[in-house]
**Student:** 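Once you've had a glance at the structure underneath, I'll fire off some questions.
Numbers restart at 1 for each chain; the letters A, B, ... are given by sequence-line order, proteins then strands. No hydrogens, no waters, no symmetry mates; every other heavy atom, side chains included, goes into these values.
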Amino acid sequence: MLIGWYPAMKGADKFERISELARRRGFFWPSYEIYGGISGFINWGPLGAVMKRKIEDKFRDIFLRRLNFYEIESPIIAPERVFKASGHVDHFKEPLVECLKCRRKFRADHLLQEFADLSSQETDRMSLQEIAGEIEQRNIKCPECNGALSEPKYFLTMFQTTIGPYSESVGYGRPEAAQGIFVEFKRLYEQVRERLPIGFAQIGHALRNEISPRQGPIRLREFTIIDLEFFFDPEKPQCPFLNEVADESLRLVLAENRLKGDGKPVKLTVKEIVAQGLIKVEWHVFFMALAKRLLADLSIPEDKQRFIEKHPWERAHYSTQGFDQEVYLDRWGWVEVAGFNYRTDYDLKGHMMESGVDMRVFKPSEKEIMRVEMQVKPLIESISQTFKDKAPKVVEALQNVDPNALAEALKRHGFYEMNGFRITSEHVEVIQKEFREKGRHFIPHVIEPSFGSDRLTYAALEYAYTIKDDRVILKLPRDIAPIQLAVLPLVSRDGLPEKAKEVYRILIDEGFTVEYDDSGYIGRRYARFDEVGVPLCITVDYQTLKDDTVTIRDRDTWRQVRAEIRGLPWLLHNYFRFKINFDDLGLPI
RNA sequence: GCGGCCGUAGUCUAGCCUGGCCUAGGACAUCGGCCUGCCACGCCGGCGACCCGGGUUCAAAUCCCGGCGGCCGCACCA
């Protein structure tokens with residue numbers, strides 16, 4: 001037997017079916033529909049918002065709570081200098097040229113790389129004028145129709161705004177939440193009493209003005225990003241928790257293999273990955289292993305996940321080594337849901353230079369270290385006599401001289417040539433200075449796991465979507481199901497609704513998310529709750545009036561057990577914490 | 001941005017080519033009432049739509065133009 005909409009949806013792929021369900025029942029849909037809609041923006045509805053939040057809570061549990069890391073919230077708008085320091089103002093824009101004949105648009109830098117044989121490092125440093133010049137000089141034409149190309153123009157991927165009423169103060173919508181953590185690093189570091197390693201996360205909206213976003217919740221102009229910035233001492237990259245994930249296997253598509261045209265993932269355990277030195281920092285692979293578990297908890301099977309190692313030219317400007325975690329989706333194939341980047345000290349250094357604030361941390365060493373350093377001491381009087389008015393230049397130049405080289409030259413030749421000046425031992429004194437070092441100043445390095453919350457939520461929906469007997473069942477893991485329980489009187493008379501409302505009240509007071517429903521037939525209600533992934537339905541029937549027991553129905557198997565009402569809170573709490581399974585809830589019927 | 005296809009109630013659609021018979025039909029959902037002892041399949045009734053703007057015409061859901069939006073391909077997606 002077929003349900004009305006079902007034959008009509010027959011040719012539809014999973015994305016279409018899920019979109020239909022999502023808008024009908026309140027998971028997600030495009031924003032601003034009454035004004036015609038605008039692509040790149042979606043709403044999460046009453047069910048979707050809860051589900052998404054529960055997924056974010058799973059991240060909090062796995063990546064924050066269990067590791068004793070912290071979450072902060074910082075603004076979405078930042079002044080220009082923040083994104084200058086982070087490199088985004090320079091890198092988050094693409095030089096585009098348009099073909100004047102066929103109107104196609106191309107990345108100007110890509111054209112230069114292809115036809116002018118320039119590397120991406122070279123094209124990255126070029127100005128618009130230089131790009132334009134190069135295009136003209138090499139006579140580069142449209143690769144499609146050989147038409148002439150327009151002047152290159154920048155397309156800025158960040159949303160720009162002005163802060164305050166006067167337009168001189170430029171601000172940007174953040175394209176990632178990470179900078180909000182880097183900017184505040186010094187204060188955060190103090191607040192955790194200088195603990196290192198330490199992680200700070202942020203879950204919030206980010207903005208990217210994509211050129212042409214499509215694909216529903218997969219590519220958005222405004223989306224929820226989950227950024228964890230993990231700070232560590234680069235001299236101590238070991239992860240003490242590695243044992244906990246040592247045997248976890250990851251499917252890696254290595255950059256090296258990709259270059260050889262081999263896109264197949266290799267399956268390696270964390271232990272093997274570390275032993276083979278495939279990933280530079282242990283924490284990097286540790287977080288990837290946790291992420292694999294997180295996705296597995298969203299019931300995304302192991303063979304539908306993989307990690308792609310990015311080539312240097314594919315990586316973000318801040319990244320030294322990077323992996324994308326991808327999930328296989330029905331319509332689009334492999335889609336990135338998370339990135340794991342080794343950001344080194346790139347960001348803190350950037351903010352240190354832009355702001356002038358010292359972002360280094362100090363760590364005492366176990367033993368005091370004696371360090372001997374050569375220092376050049378200019379003898380001003382003698383220098384003035386020899387070099388007259390050039391003396392200040394000589395003194396300045398001496399400051400940048402390598403003391404070891406100078407001492408060596410004096411010893412060997414009796415003089416040292418420098419910028420055309422001949423320095424002899426009468427001009428300088430090379431002294432040995434002893435430093436007692438009680439520790440080191442250094443900029444922490446950063447490993448960043450970063451998830452797209454919207455994509456995770458969509459992926460979880462897609463993997464939960466199943467059809468049984470022509471009915472849709474959303475087999476959501478019980479801890480992310482937006483509605484936990486439904487309480488249903490078998491029929492709406494003979495005192496059953498009253499009794500059911502009592503049960504409903506008890507469960508609400510216990511903190512569960514519960515729906516009460518007495519409309520229509522029981523089967524129809526079961527079907528409705530299956531469709532939105534309610535794991536358990538609790539039915540009050542005539543026997544309930546006799547012995548205070550109810551039936552509990554399993555969404556996935558449609559099996560039922562019978563249990564006493566007074567035992568429900570304890571049973572259900574344990575069920576939702578995965579301490580017990582459905583069969584433990586009561587006696588089979 | 002370009003090219004192709006497309007836009008009708010909450011959802012999925014019929015109608016569009018060949019303008020009038022459309023006060024826009026159906027199914028499912030939803031709401032009200034009746035009925036009802038376990039899986040959307042009983043009965044009655046209600047609410048509810050032609051993406052927006054302009055044009056052609058006596059007459060536009062239907063034809064034309066523009067805009068917005070969607071899907072696919074190209075490009076883009078750090």
**Student:** Angle class for the A/Tyr458/A/Phe28 ring planes (parallel below 30°, perpendicular above 60°, tilted otherwise)?
**Tutor:** perpendicular
**Student:** Just to be sure I understand the rule, does A/Ser492 reach a base, reach only the sugar-phosphate, or reach nothing, if contact means heavy atoms closer than 4.0 Å?
**Tutor:** base
**Student:** Would you please indicate yes or no on a ring centroid separation below 6.0 angstrom for A/Phe230 and A/Trp283?
**Tutor:** yes
**Student:** With a 4.0 Å cut-off on heavy atoms, is A/Thr551 in touch with a base, just the backbone sugar-phosphate, or nothing at all?
**Tutor:** base
**Student:** For A/Glu20 and B/rC71, give me the distance from atom CD to atom P, rounded to whole Å.
**Tutor:** 16 Å
**Student:** I'd like the P distance from B/rC6 over to B/rG25, given in whole Å.
**Tutor:** 24 Å
**Student:** Partner lookup for B/rU18, please. Criteria are Watson-Crick or G-U wobble with both distances under 3.5 angstrom; report none if nothing qualifies.
**Tutor:** none
**Student:** Work out how far the P atom of B/rG32 is from that of B/rC68, and round it to whole angstrom.
**Tutor:** 42 Å
**Student:** Identify whether any heavy atom of A/Arg553 sits under 4.0 Å from a base atom; if not, whether one sits that close to sugar-phosphate; answer base, sugar-phosphate or nothing.
**Tutor:** base
**Student:** May I have the distance from A/Asp518 (atom CG) to B/rC31 (atom P), rounded to whole angstrom?
**Tutor:** 11 Å
**Student:** Both distances below 3.5 Å, Watson-Crick or wobble geometry, any strand: find the nucleotide opposite B/rA9.
**Tutor:** none
**Student:** Mapping A/Glu210 and A/Gln543 to their closest nucleotides on RNA chain B, which lands nearer the 5' end?
**Tutor:** A/Gln543
**Student:** Please give, in whole Å, the distance from B/rU36 C1' to A/Leu496 CG?
**Tutor:** 12 Å
**Student:** Rounded to whole angstrom units, what separation is found between the CG atom of A/Asp469 and the C1' atom of B/rC39?
**Tutor:** 10 Å
**Student:** Do the side-chain N or O atoms of A/Arg221 get closer than 4.0 angstrom to the phosphate oxygens (OP1, OP2) of B/rC77?
**Tutor:** no
**Student:** Taking the same atom, C1', in B/rC50 and in B/rC12, what whole-Å distance lies between them?
**Tutor:** 16 Å
**Student:** Considering only atom C1', compute the distance from B/rA29 to B/rC47 and round it to an integer number of Å.
**Tutor:** 13 Å
**Student:** For B/rA27 versus B/rC21, give the span between their C1' atoms, rounded off to a whole number of Å.
**Tutor:** 24 Å
**Student:** State which of B/rU11, B/rC38, B/rA40 makes the closest approach to the side chain of A/Arg24.
**Tutor:** B/rU11
**Student:** Between the protein and nucleotides 42-52 of chain B, are there any N/O to N/O pairs under 3.5 Å, and if so, what are the atom names and distances?
**Tutor:**
residue : atom : partner  : partner atom : Å
B/rG42  : N7   : A/Tyr521 : OH           : 3.3

**Student:** So A/Trp332, base contact, sugar-phosphate only, or nothing? Heavy-atom distance under 4.0 Å.
**Tutor:** sugar-phosphate
**Student:** Applying a 4.0 Å non-hydrogen cut-off, can you work out what A/Arg528 is touching in the nucleic acid: base, sugar-phosphate, or nothing?
**Tutor:** sugar-phosphate
**Student:** What interatomic distance, in whole Å, is found between C1' of B/rU13 and the corresponding atom of B/rA24?
**Tutor:** 13 Å
**Student:** Answer with yes or no after comparing the ring centroid distance for A/His445 and A/Tyr342 against a 6.0 Å cut-off, counting only values under it.
**Tutor:** yes
**Student:** Could you work out, with side-chain contact (heavy atoms from CB on, under 4.5 Å) as the rule, every residue matching A/Gln305, not counting sequence neighbours?
**Tutor:** A/Lys292, A/Leu295, A/Ala296, A/Ile300, A/Gln325
**Student:** I'd like to check the side-chain contact (heavy atoms from CB on, under 4.5 Å) partners of A/Leu587; sequence neighbours left out, ordered by chain and number.
**Tutor:** none
**Student:** What is the nucleic acid contact for A/Leu490, judged by heavy atoms within less than 4.0 Å: base, sugar-phosphate only, or nothing?
**Tutor:** base
**Student:** Which nucleotide, in any strand shown, forms a Watson-Crick or G-U wobble pair with B/rC63, with both distances under 3.5 Å?
**Tutor:** B/rG55
**Student:** Can you tell me how far the CD atom of A/Gln543 sits from the CG atom of A/Asp548, to the nearest 0.5 Å?
**Tutor:** 11.0 Å
**Student:** For B/rU30, give its Watson-Crick or G-U wobble partner with both distances under 3.5 Å, or none.
**Tutor:** B/rG46
**Student:** Pick the P atom in B/rG7 and in B/rU62, then give their distance to the nearest Å.
**Tutor:** 11 Å
**Student:** Using whole Å, report how far CG of A/Leu536 lies from C1' of B/rC39.
**Tutor:** 16 Å
**Student:** Can you list everything that forms a ring pair (Phe, Tyr, Trp, His ring centres under 6.0 Å) with A/Trp558? Sequence neighbours excluded, please.
**Tutor:** none
**Student:** Partners of A/Ser453 by side-chain contact (heavy atoms from CB on, under 4.5 Å), sequence neighbours excluded?
**Tutor:** A/Lys52, A/Glu56, A/Thr224, A/Ile226, A/Thr457
**Student:** Which base, if any, makes a Watson-Crick or G-U wobble pair with B/rA24, both distances under 3.5 Å?
**Tutor:** none
**Student:** Please report the distance, rounded to the nearest Å, between CD1 in A/Ile18 and C1' in B/rC12.
**Tutor:** 17 Å
**Student:** Roughly how far apart, to the nearest Å, are B/rU23 and B/rA49 at atom C1'?
**Tutor:** 14 Å
**Student:** Can you name the side-chain contact (heavy atoms from CB on, under 4.5 Å) partners of A/Ser74, sequence neighbours left out?
**Tutor:** A/Arg174, A/Gln202
**Student:** Using Watson-Crick or G-U wobble geometry with both distances below 3.5 Å, tell me the partner of B/rC2, or none.
**Tutor:** B/rG73
